[in-house]
Amino acid sequence: MKFEVLTIFPEIIECYIKHGVLGKALNKGIVEVKVYNLRDFTSDKHKKVDDYPYGGGAGMVMQIEPFYNAIMHLKADEKPRKLVLLSPQGRKFTQKLAQKFMEESKAMVLICGRYEGIDERVKAFVDEEVSIGDYVLSGGELAALVIIDSVVRLIPGALGDELSAVEDSFMKGFLDYPHYTRPEDFKGMKVPEVLLSGDHKKIALWRKRQALKNTLKNRPDLLKNLSPEDMRILKELC
Ligand code: 6GU
């Protein structure tokens with residue numbers, strides 16, 4: 001899968017993607033990330049990308065030209081790609097949307113804005129507007145990284161054998177169970193006995209119970225479509 005990122009801060013993207021799961025996926029050739037500096041697509045000699053808002057008000061607005069020029073440059077190869085504009089006004093990004101992007105898009109363009117906003121007319125050239133949550137960030141770069149990271153984890157082969165996306169929180173519709181590693185006893189805080197028992201059936205049931213308990217405590221909104229089996233376990237917990 002290929003990601004192309006349009007930003008005025010290429011280093012933010014380039015630094016993050018080198019590490020961990022993403023870095024490995026890039027080395028394996030499962031993913032390709034190309035970062036474009038919007039300043040390279042200005043016709044202005046000062047490489048200016050923003051200007052004052054029509055109608056007045058605080059802050060600057062990113063101009064359409066660099067976005068338009070960059071998008072036309074990418075589209076010149078005529079290969080299909082999904083163009084996503086990152087903005088707090090977008091459709092909310094979820095694990096489900098990450099799965100959809102992984103399955104349906106071979107190539108995605110992630111368009112990052114800065115300042116107070118982007119000229120509205122940029123939207124005429126994109127397929128979707130996406131937000132990563134109900135808070136405001138100073139730019140789309142973190143959002144682009146969130147999307148790249150979560151989508152890449154879902155690509156078969158991106159996670160090593162020792163990891164599985166299926167085990168992750170949200171993949172199964174609720175939060176993860178607690179994890180422990182050595183030491184068995186840290187200043188009197190002991191690893192739950194069941195995890196040392198070697199009884200895999202018992203361990204699986206304990207983990208399911210804990211996952212449901214975590215979800216009930218922190219994210220009860222996720223417990224809408226439980227299977228009858230999970231519902232039974234949840235009732236036992238209450
Ligand atoms: Cl995609 N961009 C910005 N600037 N803020 C956000 C966001 C995106 N998603 C949530 N907050």
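Both ligands and their constituent atoms are indexed starting at 1 by order of listing. As a basis for the values below, the full set of heavy atoms in this structure was taken, side chains included, without hydrogen atoms, waters or symmetry mates.
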Discussion item. With heavy-atom distances below 4.0 Å as the criterion, list the atoms of ligand 1 near Tyr135.
Written reply: 6 (C), 10 (C), 11 (N)
Practice prompt. Please examine the side chains of Tyr36 and Val109, heavy atoms only from C-beta on, and report whether any two atoms are closer than 4.5 Å.
Written response: no
Practice prompt. Specify whether Tyr68 and Phe125 have parallel, tilted or perpendicular ring planes, treating 30° as the upper limit for parallel and 60° as the lower limit for perpendicular.
Written response: perpendicular
Fill in: Atom indices of ligand 1, in the order listed, that fall short of 4.0 Å to a heavy atom of Val130
1 (Cl)
Practice prompt. Can you see which heavy atom on Leu175 is nearest to which on Thr215, and at what distance?
Written response: N-OG1, 3.0 Å
Practice prompt. Give the atoms of ligand 1, by number and element, whose distance to some non-hydrogen atom of Leu86 is under 4.0 Å.
Written response: 1 (Cl)
Discussion item. Among all protein heavy atoms in this structure, tell me which lies nearest to atom 9 (N) of ligand 1, with the distance rounded to 0.1 Å.
Written reply: Ile132 N, 2.9 Å
Practice prompt. Inspect the surroundings of NZ in Lys34 and state if more than 12 heavy atoms from other residues, nucleotides or ligands are less than 6.0 Å away.
Written response: no
Discussion item. Could you tell me if Gln99 and Gln95 have a donor-acceptor pair between their side chains, going purely by distance under 3.5 Å?
Written reply: no
Item to complete: Could you check if a side-chain atom of Glu229 sits within less than 4.5 angstrom of a side-chain atom of Ile233, using non-hydrogen atoms only?
Response: yes
Worksheet item: Which protein heavy atom lies closest to atom 1 (Cl) of ligand 1, and at what distance to 0.1 Å?
Response: Ser87 N, 3.2 Å
Worksheet entry | Distance from atom 5 (N) of ligand 1 to nearest protein heavy atom, with residue and atom | Leu137 N, 3.0 Å
Discussion item. So which atom in Glu141 and which in Ile13 form the shortest heavy-atom distance, rounded to 0.1 Å?
Written reply: O-CD1, 3.8 Å
Item to complete: Determine, using heavy atoms of Gly90 and all atoms of ligand 1, whether some pair is separated by less than 4.0 Å.
Response: no
Item to complete: Heavy-atom contacts with Ser131 under 4.0 Å: which atoms of ligand 1 show up? List them by number with element.
Response: 1 (Cl), 9 (N), 10 (C)
Practice prompt. Please work out whether any backbone atom (N, CA, C, O) or any side-chain heavy atom from C-beta onward of Ala143 is under 4.0 Å from ligand 1, and answer side chain, backbone, both or neither.
Written response: side chain
Discussion item. Quick test: of every protein heavy atom, which one is nearest to atom 10 (C) of ligand 1, and how far off is it to 0.1 Å?
Written reply: Gly133 O, 3.1 Å
